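Take a look at the structure set out below.
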Amino acid sequence: GEQFANPDGLNIDDRGVLWIQTDVSASVLNDGAFKQFGNNQMLAADPATGEIRRFLTGPVGCEITGVIMTPDMKTMWVNIQHPGEMLDVLQRRGINKSPQNPNAASNWPDHYPNGRPRSATVLISKEDGGVIGT
């Protein structure tokens with residue numbers, strides 16, 4: 001879970017946890033040397049211990065960007081930008097996006113059979129109401 005590439009967004013919370021957001025280009029995402037990293041993701045790094053853990057993985061073709069927490073660190077918002085961007089690796093397999101097939105790579109976030117991928121801001125909280133990342 002601690003492998004990642006192309007860090008793009010960073011945020012340090014009040015505990016000192018470093019939140020790392022990745023943006024691997026659609027031209028190499030899930031392909032070649034970048035295949036091992038999977039979709040773009042957000043990780044949490046504890047500078048005191050050096051431990052890094054994957055917190056979330058985004059949908060196909062997206063960039064994880066922008067993160068903010070409430071002062072009590074019990075609610076977090078994360079942006080998912082341009083999900084469903086066509087990956088070169090999919091195009092080489094004959095999967096192509098078009099006006100007739102807008103969801104060739106993804107239909108996130110609603111997953112309707114004919115749904116189009118859309119950027120969104122995701123709200124995250126723990127079921128027990130606790131601090132995010134604990």
Side-chain angles (χ1 to χ4, degrees):
E2 64 185 43
Q3 291 187 348
F4 62 96
N6 297 39
D8 186 51
L10 300 173
N11 184 297
I12 300 173
D13 71 22
D14 290 342
R15 295 168 295 193
V17 173
L18 174 64
W19 297 91
I20 305 164
Q21 300 173 317
T22 67
D23 183 16
V24 176
S25 167
S27 65
V28 295
L29 190 64
N30 292 320
D31 195 25
F34 288 91
K35 187 174 185 174
Q36 65 182 320
F37 303 112
N39 291 348
N40 282 308
Q41 58 189 304
M42 187 164 83
L43 304 103
D46 183 341
T49 65
E51 182 180 15
I52 300 172
R53 289 189 181 188
R54 181 175 30 233
F55 181 75
L56 64 81
T57 303
V60 173
C62 85
E63 171 187 355
I64 306 296
T65 182
V67 57
I68 189 87
M69 291 176 123
T70 54
D72 64 6
M73 295 189 288
K74 294 182 177 183
T75 306
M76 173 187 276
W77 291 268
V78 178
N79 295 315
I80 308 298
Q81 188 176 38
H82 57 76
E85 183 174 355
M86 203 66 225
L87 307 184
D88 285 8
V89 68
L90 294 177
Q91 289 177 321
R92 286 194 305 276
R93 293 180 190 157
I95 301 169
N96 292 295
K97 193 173 187 176
S98 68
Q100 295 75 30
N101 190 22
N103 57 10
S106 175
N107 59 357
W108 189 90
D110 56 27
H111 302 290
Y112 293 137
N114 295 319
R116 293 177 178 267
R118 292 173 291 135
S119 296
T121 299
V122 177
L123 182 142
I124 299 168
S125 62
K126 290 181 68 172
E127 287 183 0
D128 68 4
V131 172
I132 302 289
T134 61

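This is a predicted model, so every value here is computed, not measured.
For Pro47 against Ala45, the heavy-atom pair with the smallest separation is CD-O, 3.2 Å. When all heavy atoms are compared, the tightest approach of Gly61 to Glu85 is O-CB, 3.4 Å. Across all non-hydrogen atoms, the minimal contact from Arg54 to Thr57 is CD-OG1, 3.1 Å. Among all heavy-atom pairs drawn from Gly84 and Ser106, the shortest one is CA-CB, 3.7 Å.
Using a 4.5 Å cut-off on side-chain heavy atoms (C-beta onward), Trp77 and Leu123 make contact. The shortest side-chain heavy-atom distance between Phe4 and Ile52 falls under the 4.5 Å cut-off. Counting heavy atoms from C-beta outward, Pro59 and Ile80 have side chains that approach closer than 4.5 Å. The shortest distance between side-chain heavy atoms of Gln21 and Val78 falls below 4.5 Å. Here the side chains of Asn101 and Asn96 are not in contact, with every heavy-atom distance at 4.5 Å or above. Put simply, the side chain of Thr75 does not reach to within 4.5 Å of the side chain of Ile124, judged on heavy atoms.
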Side chain to side chain contact (heavy atoms under 4.5 Å, CB included) assessment of Asp110 paired with Arg118: CA-CA 9 Å; Asp110 56 27; Arg118 292 173 291 135; 2.9 Å; yes

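Applying the side chain to side chain contact (heavy atoms under 4.5 Å, CB included) test to Lys35 and every residue at least two apart in sequence or in another chain returns nothing.
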For residues 126-134, please give each side-chain donor-acceptor pair under 3.5 Å, one per line with the distance, not counting sequence neighbours.
residue: Lys126; atom: NZ; partner: Thr134; partner atom: O; Å: 2.7
residue: Lys126; atom: NZ; partner: Thr134; partner atom: OG1; Å: 3.2
residue: Asp128; atom: OD1; partner: Gly130; partner atom: N; Å: 2.7
residue: Thr134; atom: OG1; partner: Val131; partner atom: O; Å: 2.7

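The environment of Arg116 atom CZ is sparse: at most 12 non-hydrogen atoms of other residues, nucleotides or ligands sit within 6.0 angstrom.
Judged by distance alone, with hydrogens and angles left aside, the side-chain atoms of Thr22 form a donor-acceptor pair with the main-chain N or O of Gln41 at under 3.5 Å. Side-chain atoms of Asn11 come within 3.5 Å of backbone N or O of Val67 as a donor-acceptor pair. Looking at Asp13, its side chain does come within 3.5 Å of a backbone N or O of Arg15 through a donor-acceptor pair. Distance alone, capped at 3.5 Å, is enough to place a donor-acceptor pair between the Asn40 side chain and the Cys62 backbone.
For the atom pair CG of Leu18 and CD1 of Ile12, the computed distance is 5.5 Å after rounding to the nearest 0.5 Å. Interatomic distance, Asp8 CG to Ile20 CD1, rounded to the nearest 0.5 Å: 12.0 Å. Atom CH2 of Trp19 sits about 12.5 Å away from atom CD1 of Ile68, to the nearest 0.5 Å. Note: Lys74 NZ to Ser125 OG = 11.0 Å, rounded to the nearest 0.5 Å.
Residues Val122 and Phe55 share a hydrophobic cluster, clusters being chains of Ile/Leu/Val/Met/Phe/Trp/Tyr side chains in contact below 4.5 Å.
Side-chain N/O atoms of Asn114 and Asn103 include no donor and acceptor closer than 3.5 Å.
The hydrophobic cluster containing Phe37, built from Ile/Leu/Val/Met/Phe/Trp/Tyr side-chain heavy atoms closer than 4.5 Å, also comprises Val24, Val28, Leu29, Phe34, Val60, Met86, Leu87, Val89, Leu90, Ile95.
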